[in-house]
A.B. asks: 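Let me give you the structure first, and then I'll get to my questions.
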Amino acid sequence: MRHVFRNLRRHRRPAELSKGLCRGNTTRGILRISLGFCSMGDIQMPLFFLQPRLLSTGYTSIHGGRPSAEYAKLRKESLESEFGHALGNTSKSFSVIYHFGPFLALYRAAIISFYVMKLTIWRLFVQDMKKRAIKFRETLIHLGPFYIKLGQALSTRPDILPTIYCQELSKLQDQIPPFPTPVAIKSIETQLGVPVSKIFADMSPEPIAAASLGQVYKAHLHSGELVAVKVQRPGMPLALTLDAMLFHMMGGQLKRFAKARKDLLVAVNEVVRHMFAEIDYVIEGKNAERFASLYSSSSFANQKIQSEATAGNTAESKNTNFIKVPKIYWDLTRKAVLTMEWIDGIKLTDEVGLNKARLDRQKLIDQGVYCSLRQLLEIGFFHADPHPGNLVATDYGCLAYFDFGMMGDIPRHYRVGLIQMLVHFVNRDSLGLANDFLSLGFIPEGVDIQAVSDALQASFVGSRQSNDFQGLMNHLYDVMYEFNFSLPPDYALVIRALGSLEGTAKVLDPDFKVIETAYPFVIGRLLADPNPDMRRILRELLIRNDGSIRWNRLERLVAAISEQASESTAESSTADKNSSNATSWKSFDMRAVVAATEDLLMFILSEKGLRVRIFILRDIIKAADAFLQDEIVGCILNMNLEATGKSDSEDHAMLLRVVKGFQSLYQAAKMAPELWSAMLIRMVVKPEFRGFSMDILSTLLVHSRFKLPETFWVCISRFLHDPVDDSASRDRSAK
């Protein structure tokens, strides 16, 4: 111990000193060496108070290095190759032109060339970016379905277009008039091979809904079942192929006008692939069935809830968390015709209808958010366009999904990455977020990570009060464009899905913020998933890179678990009735909480947790000093807290937080005492735990050798001075 003290007094370099402190063979040995003492002015301080600073010099994060970007690179190359095949090779393009006829192809090329030339001339005379963005959007509308879909996809690609263009293109809607009903009937008969009268008992004379790629009719089967018949616009596959091919030939001018990045054509290939999937209604039907199998309740349960609602038992049925997906009639479905179950529902924009049905808006939001978060963060197969037109509320409290043409399938690597990015954003860890972008393939190789981190840190200043997704994206747009970000194809659809989800929820609740709402679900996933990568993210949430504990974050987590305990006690009488309550996803599984706690403690007691233990010892000493100063000295001298100054009041606040934290922990432990007791027994028998407990005890004992005499003389000094101060104040008041 004296040897270490002498080294410190000789001003050894921090790196050398930390090496000297870490030569012990065991963790306990390291801590024993680090508990030396040094003189700081007139106060004797344990040497380990200096240790965090030493250990943070030249050391990497205690959580380890960042994952490689190799997976993201291979995934991107694979998908780009897949998207490229959507258009086919050059010979195939010539065969398409031949099929269309040279005059038709030239006519379409002339129309596109005309609008491209107008944009080129406009670009020479108009320098205002806002006016250019408006003109760009209007041009895409004039060019038809392919370009409208392209604009909608590019509105979520700040890595390709400037921010102002993304914001303007987000206003694009499928503003295409419906095609005539006789044309639709002829298409149905051609696809199914029989007259419409033999299939349907009746069909609506006009489409119920129309979009750029198709339109929907309401019809009755001869069996009496009510169905929705989706009919594709005639000639869509050939028209989309021609437009996509011509865009590859003329897209350079559009790219220059919009100041787009070099990978615009890659994004077009991606959009083309999704559009060709959208116009194949057999694929859409399979998507619907897969979605139903993953997220929808069983048909039996739906029938039961519907019958309860019909019978008037709405109070109980509306507490049930169900997602409804229409049934597909495969014998009446082809590539250009999709027949599915008709679901009566209330549009989420219909405020009067929702009030009349007495539907709880918050529960509808909870159902939609829970389903969407499961899609994006747990399963991976997700609806990429959950806007209000694709969601309705049934009169018995379910959410019904429609339009399964645009779906995404995000691999686990990216799902974990999405959770990690959210945690780093909540922590305002700009360097961690920059490393996430690198490992997930957002940032091209060779970019200065520190420069990206600094730019993200600057963007955090403006987004500190913004927990909504669109606000976050608005702050990140400029950073993404400046550093030439390249969104992986999987994440392009994720951004679209999150934006649509938040927009839909804001229809029901204008104050809805998807990031804030998603946080409890993310915490639940981190606690429930024992995989090493999820455990690492949980540690990053609670422990800083230098090893110090985020006590505020830990306190809020324990409080949230404690609140769940209180709520579960209060609602125990109704738990059986509403076992699938819409808000149950915000609860925590106590087995998972205990397992995660044990894993966290094992990490702290391991070799990698050395710095964490040092910080814990430091914080324990601070708490002990605060207790000694505030409770013991305060009680002896009957001191007024308001008169003790800022530092003492801060100590008092810290003590109150410690007490509240232990109360919350006790409340959480009462939910499953047998689980917590078993975990505690397993920890106590471990030598690492006993060793660290001895370190805490010995540190407190040794520290008290210096602190107790100091506190004693402070008490004596204040005791002697207070009577003098009191008599002086009385004399002044008498005068």
Side-chain angles (χ1 to χ4, degrees), residues 59-76 78-79 372-382 408-443 449 453 456 487-491 493-495 498 515 518-547 549-550 553-554 557 585 588-589 591-612:
Y59 276 71
T60 58
S61 166
I62 64 164
H63 304 294
R66 296 294 171 192
S68 168
E70 189 63 27
Y71 174 86
K73 184 177 179 181
L74 294 175
R75 170 77 176 170
K76 184 176 180 181
S78 172
L79 287 180
S372 295
L373 293 176
R374 282 196 67 214
Q375 295 171 47
L376 292 169
L377 302 180
E378 186 175 339
I379 307 298
F381 183 66
F382 65 95
D409 205 347
I410 180 171
R412 188 180 189 280
H413 176 83
Y414 286 115
R415 298 200 301 274
V416 173
L418 194 60
I419 293 174
Q420 185 159 289
M421 284 194 293
L422 177 60
V423 168
H424 285 155
F425 172 75
V426 171
N427 289 344
R428 293 300 192 264
D429 182 359
S430 60
L431 185 59
L433 198 55
N435 278 300
D436 292 339
F437 289 148
L438 178 64
S439 65
L440 294 170
F442 282 60
I443 305 174
I449 294 297
S453 173
L456 289 171
L487 280 180
D490 298 292
Y491 274 113
L493 281 182
V494 168
I495 289 178
L498 286 173
I515 295 178
Y519 193 64
F521 182 90
V522 170
I523 296 300
R525 288 290 301 148
L526 292 176
L527 291 171
D529 194 334
N531 283 309
D533 48 8
M534 299 294 272
R535 285 291 188 251
R536 179 183 179 217
I537 297 173
L538 178 61
R539 292 197 302 269
E540 289 183 353
L541 182 71
L542 300 175
I543 304 174
R544 296 184 181 88
N545 291 334
D546 62 358
I549 304 290
R550 302 181 195 270
R553 192 73 46 75
L554 182 60
L557 179 59
W585 61 275
F588 299 102
D589 177 16
R591 289 187 179 276
V593 171
V594 173
T597 303
E598 186 170 1
D599 287 346
L600 185 63
L601 290 175
M602 289 304 300
F603 172 79
I604 293 174
L605 296 174
S606 68
E607 292 286 343
K608 293 181 180 179
L610 169 63
R611 278 187 280 170
V612 184

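When a residue number appears, it is its place in the shown sequence, counting from 1.
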A.B. asks: Cation over ring, Arg539 on Phe603, under 6.0 Å and within 45°?
C.D. replies: yes
A.B. asks: Could you state the interatomic distance from CD1 (Ile410) to CZ (Phe381), rounded to the nearest 0.5 Å?
C.D. replies: 13.0 Å
A.B. asks: Find out whether Glu378 and Leu373 are in side-chain contact, i.e. whether some heavy atom of one side chain is under 4.5 Å from a heavy atom of the other.
C.D. replies: no
A.B. asks: Sequence neighbours left out, what passes side-chain contact (heavy atoms from CB on, under 4.5 Å) with Asp533? Give chain and number order.
C.D. replies: Arg412, Val416, Asn531
A.B. asks: How far apart are the closest heavy atoms of Ile419 and Met534, and which atoms are they?
C.D. replies: CD1-CE, 3.5 Å
A.B. asks: Where do Ser430 and Ser453 come nearest, in terms of heavy atoms and distance?
C.D. replies: OG-OG, 2.9 Å
A.B. asks: Partners of Phe442 by ring pair (Phe, Tyr, Trp, His ring centres under 6.0 Å), sequence neighbours excluded?
C.D. replies: Phe437, Tyr491
A.B. asks: Taking only residues two or more places apart in sequence or in another chain, which ones pass side-chain contact (heavy atoms from CB on, under 4.5 Å) with Leu601?
C.D. replies: Thr597, Met679, Met683
A.B. asks: Side-chain contact test, heavy atoms from C-beta onward, threshold under 4.5 Å: evaluate it for His413 versus Leu440 and give yes or no.
C.D. replies: yes
A.B. asks: Answer yes or no: is there a side-chain heavy-atom contact under 4.5 Å between Val612 and Ile549?
C.D. replies: yes
A.B. asks: Using side-chain heavy atoms (C-beta onward) and a distance below 4.5 Å, is Leu526 in contact with Val522?
C.D. replies: yes
A.B. asks: Could you pull out the closest heavy-atom pair between Gln420 and Ile537, with the gap in Å?
C.D. replies: OE1-CG1, 3.3 Å
A.B. asks: Side chains of Leu538 and Leu600: closer than 4.5 Å at any heavy-atom pair?
C.D. replies: no
A.B. asks: Excluding sequence neighbours, so at least two apart, what forms side-chain hydrogen bond (donor to acceptor under 3.5 Å, both in side chains) with Glu598?
C.D. replies: Arg682
A.B. asks: Which residue pairs pass the salt bridge (charged side-chain N to carboxylate O under 4.0 Å, His left out) test with at least one member in residues 519-528, sequence neighbours excluded?
C.D. replies: Arg525-Asp529
A.B. asks: Minimum heavy-atom separation for Asp429 and Gly432, please, with both atom names.
C.D. replies: OD1-N, 3.0 Å
A.B. asks: Roughly how far, to the nearest 0.5 Å, is CG of Leu433 from CG of Asp436?
C.D. replies: 5.5 Å
A.B. asks: Let me see the working for Leu431 and Ile449 under side chain to side chain contact (heavy atoms under 4.5 Å, CB included), right down to the final yes or no.
C.D. replies: CA-CA 8 Å; Leu431 185 59; Ile449 294 297; 4.0 Å; yes
A.B. asks: To the nearest 0.5 angstrom, please state how far the CG atom of Leu422 sits from the CZ atom of Phe521.
C.D. replies: 11.5 Å
A.B. asks: Who pairs with Arg415 by salt bridge (charged side-chain N to carboxylate O under 4.0 Å, His left out), at least two apart in sequence or on another chain?
C.D. replies: none
A.B. asks: Once you round to the nearest 0.5 Å, how far does CZ of Arg544 lie from CZ of Arg611?
C.D. replies: 13.5 Å
